[in-house]
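I have placed the structure first, in the form of structure tokens, so that the comments after it can refer back to it.
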Amino acid sequence: MNATISMDGLWAIVDSLSLKNKKWLADRLSASMSTANMDKEQEILNGISRSIQEAKIGKTQSLDTLWDQLLTR
């Protein structure tokens, strides 16, 4: 069963929560957003590390080739 709710309806539900439950919800949302940011940061760091390893073994590309690859993504 699929249920839909408007953002206004969702806000009405959140607004009706007790202060304790609002704090719990805020903490959960903050932790979720923090985890998503850390995952993205880790992905970027892994890419940088991989690039450094490739450069060390001589697996490099010209700047023009790299630029073309970035533009096609």
Side-chain angles (χ1 to χ4, degrees):
M1 178 172 116
N2 291 332
T4 60
I5 186 168
S6 69
M7 292 303 286
D8 288 333
L10 181 58
W11 182 251
I13 292 169
V14 170
D15 200 33
S16 71
L17 295 174
S18 69
L19 186 57
K20 180 181 174 184
N21 287 336
K22 285 179 184 177
K23 170 98 172 86
W24 176 88
L25 181 59
D27 290 343
R28 293 293 300 251
L29 289 170
S30 178
S32 176
M33 290 173 21
S34 177
T35 300
N37 287 339
M38 287 190 317
D39 290 344
K40 191 167 279 206
E41 289 172 4
Q42 188 61 46
E43 183 180 331
I44 291 169
L45 291 174
N46 288 343
I48 292 170
S49 178
R50 201 169 37 252
S51 296
I52 291 170
Q53 294 302 320
E54 289 176 355
K56 283 182 178 179
I57 62 173
K59 187 178 177 185
T60 59
Q61 298 177 1
S62 70
L63 185 56
D64 290 334
T65 303
L66 180 60
W67 186 250
D68 289 341
Q69 287 178 356
L70 289 172
L71 291 176
T72 59
R73 289 186 179 190

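For the numbers below, each heavy atom of this structure counts, side chains included, while hydrogens, waters and symmetry mates do not.
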Apply side chain to side chain donor-acceptor pair (under 3.5 Å) to [X] and list each qualifying residue two or more places apart in sequence or on a separate chain.
| X | answer |
| --- | --- |
| Asn37 | none |
| Asp68 | none |
| Ser32 | none |
| Lys22 | none |

Can you list everything that forms a side-chain contact (heavy atoms from CB on, under 4.5 Å) with [X]? Sequence neighbours excluded, please.
| X | answer |
| --- | --- |
| Thr65 | Gln61, Ser62, Gln69 |
| Trp24 | Arg28 |
| Ile48 | Ile44, Ile52 |

>> By the side chain to side chain donor-acceptor pair (under 3.5 Å) test, which pairs, at least two apart or in different chains, include something from residues 39-50?
In response: Gln42-Asn46
> Could you give the distance from CG (Leu66) to CG (Leu71), rounded to the nearest 0.5 Å?
Replying inline: 9.5 Å
>> Could you measure the distance from the CG atom of Leu63 to the CG atom of Leu70? Nearest 0.5 Å is fine.
In response: 9.0 Å
> Side-chain heavy atoms under 4.5 angstrom apart, residues restricted to Ile, Leu, Val, Met, Phe, Trp, Tyr: same cluster for Leu29 and Leu10?
Replying inline: no
> Would Asp8 and Trp11 count as a side chain to side chain contact (heavy atoms under 4.5 Å, CB included) if you check the C-alpha gap in whole Å, the side-chain angles of each, and the deciding distance to 0.1 Å?
Replying inline: CA-CA 5 Å; Asp8 288 333; Trp11 182 251; 5.5 Å; no
> So, Ser30 side chain and Ala26 main chain: donor-acceptor pair closer than 3.5 Å or not?
Replying inline: no
